[in-house]
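Below is one structure; the comments refer to it alone.
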Amino acid sequence: RAQDMPHPWPATARIACGRAAIARMDWPSARKHLRAAQELKPPPELAQELDALLQRIPEHDEPLPEAPPRNPQVKIKRELLLVWPMTTDGAVFTEDQLDVLSKYKKETVASLPIRPRKGGCPPNLEFVFTEMPDLSIPYLLSIDTSGGVGQDYTAFVLSHPDDMRQIAVMKTNTADDEALRAIAEHLMVDIFPKAIAIIERNYLGIVVINHLLKVPGLEPRIYYIEKEKEAERTVGKLVVRQKRKVRVYGVDTTADSREAMFRHLFQIIDEHPHLICCPAIQDEVRTLHRKKTGKIEHRAGFHDDQLMSWLI
């Protein structure tokens, strides 16, 4: 009966189900819902969205790798060799993968106290370097922001633009929005004068972005993407709609972008483990596990803020 109704809600519902299935990488369900929507012959505006969603589904189902099976090496290390294993049951990566990763761990070579000229900066805040920086290089400074209430951390990761290896890391969970604005400006103006800031676009990240955009000379050094936006203007009695490009500063963390981040992480662990050379980020990789829902995140009692900042 719904199919005979004049409005397109059945197709809209199918498309919504397909979009949700894509977000959780359930390709068979996504394919089923979107093809059912096609059979309903939706209007042009829905058909265009439907085509775009279908293009995002791979020809062959390739979900993120499943959690590795119980690894006998964990039990061998723990019970026979009396060595503390690097992973646990349910971990995303195997003991072999983490063994290889640990071979590329670099030691700390320097630390730099961070003391902005303004703003209440938390005490004992310092950048920890695994490689001496060259200030003539336009490093990538990624910032994963958090509320500064003693729980999740705001993480700063400095990466080399050639291969994305980590140069330095820093984190704090006691800096409020005023302190983060001051810290970000201090890093971009006084310490890394050629760095490019890549900032997560959450509520606090937008506050930091808007502050940096007001600092003279920093606007070209803040990462952005261009999006088309439709605007309306009145000419006489006519309403004219026109599209224009706008800059969106920072990086939105969505289900799609999180999926892309972890796909890159799996590829790096398998093919380029030497790029994860920072001890702090290696430690956070070891705490990753897969929940029953399929979502990958850190185990209870641990954090992954520096890893996510680097993946951003």
Side-chain angles (χ1 to χ4, degrees), residues 112 114-122 125-129 131 133-148 152-173 175-229 231 243-254 256-258 260-261 264 275 278 281 304-312:
L112 177 66
I114 302 301
R115 300 289 180 268
R117 290 169 290 183
K118 52 186 178 181
C121 180
L125 186 63
E126 60 182 18
F127 243 114
V128 178
F129 290 84
E131 182 178 320
D134 179 352
L135 298 184
S136 66
I137 295 175
Y139 290 115
L140 306 179
L141 178 63
S142 53
I143 306 175
D144 181 357
T145 53
S146 182
D152 286 342
Y153 286 84
T154 291
F156 301 78
V157 178
L158 193 72
S159 304
H160 200 287
D162 288 348
D163 57 7
M164 304 303 296
R165 69 182 184 274
Q166 302 100 28
I167 303 297
V169 295
M170 177 176 72
K171 66 178 183 179
T172 176
N173 64 348
D176 58 16
D177 58 343
E178 180 183 359
L180 288 179
R181 292 198 300 268
I183 292 168
E185 180 180 347
H186 179 52
L187 293 174
M188 293 291 289
V189 174
D190 302 322
I191 300 181
F192 306 115
K194 293 189 176 182
I196 307 298
I198 306 173
I199 305 171
E200 180 188 13
R201 275 185 64 83
N202 58 14
Y203 73 98
L204 188 54
I206 293 174
V207 170
V208 174
I209 290 170
N210 290 338
H211 173 75
L212 294 181
L213 288 173
K214 297 175 184 177
V215 178
L218 288 190
E219 187 271 340
R221 294 167 48 207
I222 302 174
Y223 173 83
Y224 67 88
I225 61 172
E226 287 189 342
K227 291 186 176 180
E228 279 195 348
K229 184 177 181 181
K243 291 184 178 180
R244 61 187 182 92
K245 288 186 176 181
V246 295
R247 290 183 176 183
V248 179
Y249 291 88
V251 176
D252 287 308
T253 48
T254 63
D256 289 341
S257 64
R258 186 179 177 87
M261 290 177 194
H264 284 304
L275 298 181
C278 171
I281 292 182
D304 60 5
D305 306 282
Q306 293 172 109
L307 171 63
M308 296 309 297
S309 178
W310 180 61
L311 291 175
I312 285 174

To the nearest 0.5 Å, what is the distance between [atom1] on [X] and [atom2] on [Y]?
{"X": "Thr154", "Y": "Asp305", "atom1": "OG1", "atom2": "CG", "answer": "8.0 Å"}
{"X": "Ile312", "Y": "Ile143", "atom1": "CD1", "atom2": "CD1", "answer": "9.5 Å"}
{"X": "Asp144", "Y": "Ile199", "atom1": "CG", "atom2": "CD1", "answer": "11.5 Å"}
{"X": "Glu219", "Y": "Arg247", "atom1": "CD", "atom2": "CZ", "answer": "5.0 Å"}
{"X": "Glu185", "Y": "Lys214", "atom1": "CD", "atom2": "NZ", "answer": "11.5 Å"}
{"X": "His186", "Y": "Arg115", "atom1": "NE2", "atom2": "CZ", "answer": "9.0 Å"}

Backbone N/O of [Y] and side chain of [X]: donor-acceptor pair under 3.5 Å:
{"X": "Glu131", "Y": "Ala168", "value": "no"}
{"X": "Tyr153", "Y": "Met170", "value": "no"}
{"X": "Arg165", "Y": "His160", "value": "no"}
{"X": "Arg221", "Y": "Pro193", "value": "yes"}
{"X": "Asp252", "Y": "Thr254", "value": "no"}
{"X": "Ser142", "Y": "Ile198", "value": "no"}
{"X": "Thr145", "Y": "Leu204", "value": "no"}
{"X": "Arg201", "Y": "Tyr249", "value": "yes"}

Find out whether [X] and [Y] are in side-chain contact, i.e. whether some heavy atom of one side chain is under 4.5 Å from a heavy atom of the other.
{"X": "Ser159", "Y": "Tyr139", "result": "no"}
{"X": "Asn173", "Y": "Ser146", "result": "no"}
{"X": "Ile183", "Y": "Pro122", "result": "yes"}

Report the residue from Ile191, Ile196, Leu187 that forms a side-chain contact (heavy atoms from CB on, under 4.5 Å) with Leu141.
Leu187

Please test Val215 against Met188 for side-chain contact (heavy atoms from CB on, under 4.5 Å), starting from the C-alpha separation and ending with a verdict.
CA-CA 10 Å; Val215 178; Met188 293 291 289; over 6 Å; no

Derivation of the side-chain contact (heavy atoms from CB on, under 4.5 Å) call for Arg258 and Thr253:
CA-CA 6 Å; Arg258 186 179 177 87; Thr253 48; over 6 Å; no

Is it true that Phe156 and Phe192 have ring centroids separated by less than 6.0 Å?
no

Indicate the atoms forming the closest heavy-atom contact of Asp134 with Ser136, along with that distance.
OD1-OG, 2.7 Å

